[in-house]
Amino acid sequence: MRSVHVRAASKEYDVLIGKGAVSSLGTEAKKVCPGALKALVVSETNVAGLYLDTVKKQLSEAGFEVSEYVFEAGEQHKNINEIAGMWNKMAEAGFTRTDFVVGLGGGVTTDMAGFAASTFLRGIKVIQLPTSLLAMVDASVGGKTGIDIPMGKNQVGAFWQPSLVLEDTSFLKTLPDEVFTEGMGEVTKHAFIMDVELFDKLEKANGSIRDDEDLLEEIVYMNVADKASVVSEDETDNGRRQTLNFGHTVGHVIERDSGFTKPHGICVAKGMGIVIDACVRAGTLGSSEAQKMKDLLKLYKLPVSDEITPEDIVKGAMNDKKKRGDTLSVILVNKIGNAEIKKMTAEEFLKFLSA
Ligand SMILES: NC(=O)c1ccc[n+]([C@@H]2O[C@H](COP(=O)([O-])OP(=O)(O)OC[C@H]3O[C@@H](n4cnc5c(N)ncnc54)[C@H](O)[C@@H]3O)[C@@H](O)[C@H]2O)c1
Ligand SMILES: [Zn+2]
């Protein structure tokens with residue numbers, strides 16, 4: 001099993017990655033949650049049918065009293081009602097501050113399990129067991145937790161680091177192809193902003209990393225290491241962590257304009273394509289590098305453009321929570337593996353996008 005150590009300012013923890021990693025859940029949980037008697041496994045309908053029994057068995061064999069909270073799969077259920085259901089489950093089971101939550105699922109689940117844990121009894125431990133590619137390489141690592149409200153996605157939440165992240169890459173076998181592709185949006189993003197080695201590996205793999213289990217495990221590991229290094233430097237998004245928003249300022253607008261019907265990873269890929277083109281026009285990125293980046297996106301079945309106008313992007317982005325004051329932090333890539341944070345006013349951003 002591979003491991004990555006996260007050194008966030010508020011907490012340090014390990015991310016363990018490998019095929020069959022779930023079989024060490026019981027032992028690892030006892031290590032990171034000493035004194036715990038009870039565990040609540042949070043999952044959703046698709047994933048629970050596949051892996052809930054295995055996870056519960058692991059925990060009960062380790063001596064924990066296990067309860068479960070299973071919600072209907074899908075982003076539209078990432079809301080306060082489900083969180084209240086989790087709080088009630090824990091209260092009914094007599095949870096104390098030493099007990100813990102386990103998040104078993106994609107990013108929707110790990111975000112909600114983390115948020116329920118961060119608020120129950122003013123904060124109890126959470127162990128994340130991500131099952132989607134996106135949750136493994138991004139959502140489950142770094143401690144951003146939360147829910148959506150009608151006014152916007154992830155508008156309510158907390159920074160709450162997990163005590164352990166256990167990534168069983170064999171869980172990815174059952175992930176639908178299109179959901180895997182969405183996860184590749186964040187994987188290519190890591191390659192673009194900070195990881196030339198990952199870029200080369202993805203390019204060499206020629207679009208097929210799913211079938212080679214060892215390669216897939218290695219790629220997940222590289223992504224976790226990337227995310228961990230950023231989070232260890234800037235837990236709360238005031239500096240370097242903002243580079244993880246590459247493609248997101250534009251992508252979020254496309255996502256919101258679609259009424260959240262277009263998947264996040266796809267919108268991020270479109271956002272990256274649009275910004276890559278703008279960087280070339282602005283002369284900060286060479287056109288052959290840009291072509292290589294767009295070719296990589298296409299190789300992994302991701303789009304590189306969208307019909308949205310620069311005006312609509314700017315209007316949407318100025319309403320987004322990522323703006324600070326009157327300026328936006330736009331993430332640019334000036335060569336593969338190297339990102340830069342650039343503050344722009346609405347006028348500057350429009351000019352950058354329009355050319
Ligand atoms: N906290 C963070 O830093 C962070 C970062 C990125 C994204 N996110 C959040 O993550 C969410 C998106 O994550 P996601 O794409 O994993 O969505 P998701 O949790 O909805 O999972 C996507 C789909 O895959 C299914 N699924 C997951 N694992 C499976 C498996 N092993 N086998 C079969 N089906 C499986 C799910 O049931 C669902 O239908 C968004 O809510 C986003 O806001 C959070
Ligand atoms: Zn993202």
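Remember, it's 1-based here, ligands and their atoms both numbered in the order they're listed. Note that these values count all heavy atoms, side chains included, but never hydrogens, waters or copies made by symmetry.
- Counting all heavy atoms, side chain and backbone alike, Val66 lies closest to Ser60 at CG2-N, 3.8 Å.
- Taking both residues in full, the closest heavy atoms of Val224 and Val141 are given as CG1-CG2, 4.3 Å, listed atom of the first, atom of the second, then distance.
- Counting only protein N, O or S atoms closer than 2.8 Å to the Zn ion (ligand 2) gives 3.
- When only modelled atom types and interatomic distance are considered, Glu186 and His264 share a side-chain donor-acceptor pair under 3.5 Å.
- Residue pairs meeting the ring pair (Phe, Tyr, Trp, His ring centres under 6.0 Å) criterion with at least one partner in residues 80-132, sequence neighbours excluded, are Phe64-Phe100.
- For the salt bridge (Lys or Arg N to Asp or Glu O under 4.0 Å) test, residues two or more places apart in sequence or in another chain that qualify with Glu255 are Lys153.
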Please walk me through it: do Asp99 and Lys125 pass salt bridge (charged side-chain N to carboxylate O under 4.0 Å, His left out)? CA-CA 7 Å; Asp99 297 324; Lys125 287 180 176 172; over 6 Å; no
What does the contact table look like for ligand 1 (nitrogen or oxygen on each side, cut-off under 3.5 Å)?
from, atom 1, to, atom 2, distance (Å)
ligand 1, 1 (N), Asp111, OD1, 2.9
ligand 1, 1 (N), Ala139, O, 3.4
ligand 1, 1 (N), Lys144, O, 2.8
ligand 1, 13 (O), Gly107, N, 3.2
ligand 1, 16 (O), Gly107, N, 2.8
ligand 1, 16 (O), Ser132, OG, 2.6
ligand 1, 19 (O), Gly107, N, 3.2
ligand 1, 19 (O), Val108, N, 3.1
ligand 1, 28 (N), Thr131, O, 3.4
ligand 1, 28 (N), Thr131, OG1, 2.7
ligand 1, 31 (N), Thr131, O, 3.1
ligand 1, 31 (N), Phe171, O, 2.9
ligand 1, 31 (N), Thr174, OG1, 3.4
ligand 1, 32 (N), Thr174, O, 3.4
ligand 1, 32 (N), Thr174, OG1, 2.7
ligand 1, 37 (O), Glu44, OE1, 3.4
ligand 1, 37 (O), Glu44, OE2, 2.7
ligand 1, 37 (O), Asn46, ND2, 2.8
ligand 1, 39 (O), Asn46, ND2, 3.3
ligand 1, 41 (O), Glu75, OE1, 2.6
ligand 1, 41 (O), Glu75, OE2, 3.3
ligand 1, 41 (O), Lys78, NZ, 2.8
ligand 1, 43 (O), Lys78, NZ, 3.1
ligand 1, 43 (O), Asn154, ND2, 3.1

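- For Asn88 (side chain) and Ala84 (main-chain N/O), a donor-acceptor pair under 3.5 Å exists by modelled atom type.
- The environment of NZ in Lys19 is crowded: more than 12 heavy-atom neighbours from other residues, nucleotides or ligands sit within 6.0 Å.
- For Glu233, the CD atom counts as densely surrounded, since its 6.0 Å shell holds more than 12 non-hydrogen atoms of other residues, nucleotides or ligands.
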